[in-house]
2 protein chains.
Amino acid sequence: MAGETAREAYHHGDLRDALIKATDAILAERGLEGFSLREAARRAHVSPAAPAHHFGSSAGLLTEVAILGFEELARHIEIEGSAESATARLKQQAAGYVRFALAYPGRFQLMFRYDLLLPDDARLAAASELAKVPIARTILALRGLPEDAELDAPTSATMLAAWSTVHGFAHLALSGKFSKLTPEAKSQHLLDELLPQMLDILWPEPKR
Amino acid sequence: MAGETAREAYHHGDLRDALIKATDAILAERGLEGFSLREAARRAHVSPAAPAHHFGSSAGLLTEVAILGFEELARHIEIEGSAESATARLKQQAAGYVRFALAYPGRFQLMFRYDLLLPDDARLAAASELAKVPIARTILALRGLPEDAELDAPTSATMLAAWSTVHGFAHLALSGKFSKLTPEAKSQHLLDELLPQMLDILWPEPKR
DNA sequence: GCCCAATCTTTACAATGTACAGATTTTGCG
DNA sequence: CGCAAAATCTGTACATTGTAAAGATTGGGC
């Protein structure tokens, strides 16, 4: 009991967390295509069939990781400092979205791969919805509405516009469609140059 | 020689085309996740190892299908009728892009899955670039430039904006992020309602 | 102290991509 | 025409994957 805790822990303890962390490590090291259920089990020092009892299937484990991904995405989107205008705040949030996608490409791609996730998981849907809240607040401010206003048609259309723009940018970047630069310098150039240029076109500063 | 041509054809003939068509059929019937190299070989009535000689690997076959996909995408983007304004033309092209993605989700998803395609295929890169040409023309018209003008920084940033917007919309739609509707009615609603609403916000008609 | 349920292992099976060696067909060339 | 060489396809084999089924082992509640 006071023996080697690591050995003991794997035999009964927090396998669930260990598998989630192993999966996250695989996504970070080898990307989404480098993941396999058996590899995650290997890293947790358990048999290939062990994960099934905790997550049901591979999709169950990946869904759990995707939920954590949406929560982390929400954190990246939330605004830290003060923002002068609503459009400035929107641009900061857009940068946060893209920064997350570029920093954790495996996680990000997983989050939108419905074929790898449980299709009707309520917690996943909730996490996905929660990640939109910070943007919704900014959109309301952008349209001069109070923070707790209802999401009318033009507001949700504006949200859709912001979401699509930033998501398309991130997805195209990860698909290698902007790959004329080296991978190292690419992220900074995308975030510091291309993204602001694009956002200035779609959301020009109203201050004349 | 004058015998049953179908049997003969499979034994020597146009296996390459047959495999491409089989793959396209799988993508249409079962989606991208329903594809396997062996299933394509099965549909072409050849052994599992046969495709290798024509395409090298699974990625080689899929790359060929993706090239056809980009060519078809370009056709969907090209404008058919006359367009009053440049922004109207842009919106028609955007609708063409989304219509393609919704009509051929398997093909569309494949085209941006770098992990399934040959990473350095020149013909694939060329087809991808060619699909942007119709949009580039519209962007130039939008900015009041002649059709053969060079793509300066603001023009390419505007292109990036248009591309990201429409691609993000299509990708989010296919990821099931808008799925509060039935799949049948969804496509029409997306094309007729949501997409125009979004585009009107990002590209308002200059005509006051 | 003991039984039951939770947890993990072992074994097994069907599928997949693809390498390798051989058969068969077509083609090029004298 | 004849024949060798090249192109094309088959058969077999192997490592890897997800997961189902049944058995072993552990821990908690009474």
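Below, chains carry the letters A, B, ... as their sequence lines are ordered, and counting in each starts from 1.
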May I ask you to list the residues of residues 52-60 of chain A, by number, that have any heavy atom positioned under 4.0 Å from an atom of DNA chain C?
A:His53, A:His54
Rounded interatomic separation in angstrom, taking [atom1] from [X] and [atom2] from [N]:
| X | N | atom1 | atom2 | result |
| --- | --- | --- | --- | --- |
| B:Arg38 | C:dA19 | CZ | P | 13 Å |
| B:Arg42 | D:dT10 | CZ | C1' | 16 Å |
| B:Asp14 | C:dT26 | CG | C1' | 15 Å |
| A:Leu61 | D:dG18 | CG | C1' | 13 Å |
| A:Arg30 | D:dT17 | CZ | C1' | 14 Å |
| A:Glu33 | D:dT16 | CD | C1' | 17 Å |
| A:Ile26 | D:dT16 | CD1 | P | 15 Å |
| B:Leu19 | D:dT10 | CG | P | 10 Å |

With rounding to the nearest 0.5 angstrom, report the OG to CD distance, A:Ser156 to A:Glu150.
10.5 Å
Just verifying a value: how many Å separate A:Phe108 CZ and A:His76 NE2, rounded to the nearest 0.5 Å?
12.0 Å
Is the A:Tyr104 ring parallel, tilted or perpendicular to the A:Phe100 ring (thresholds 30°, 60°)?
tilted
Nearest-nucleotide pick for [X], side chain only, options being [options]:
| X | options | result |
| --- | --- | --- |
| A:Leu15 | D:dT10, C:dC8, C:dT16 | C:dC8 |
| A:Ala49 | C:dT10, D:dT10, C:dT16 | C:dT10 |
| A:Leu37 | D:dG18, C:dG17, D:dA21 | D:dG18 |

Checking A:Lys91 against A:Trp203: charged group under 6.0 Å from the ring centre and within 45 degrees of the axis?
no
Distance test, side-chain N/O of A:Ser47 to OP1/OP2 of C:dC8, below 4.0 Å
no
Taking only Lys NZ, Arg NE, NH1 and NH2, and the carboxylate oxygens of Asp or Glu, determine whether B:Glu129 and B:Lys132 approach each other closer than 4.0 Å.
yes
For the pair A:Arg75 and A:Glu78, find out whether any cationic side-chain nitrogen is under 4.0 Å from an anionic carboxylate oxygen.
no
Contact class for A:Arg16 vs. all strands (heavy atom < 4.0 Å): base, sugar-phosphate, or nothing?
nothing
Please find the pair of heavy atoms, one from B:Pro154 and one from B:Thr158, that lie closest to each other, and give the distance.
O-OG1, 2.6 Å
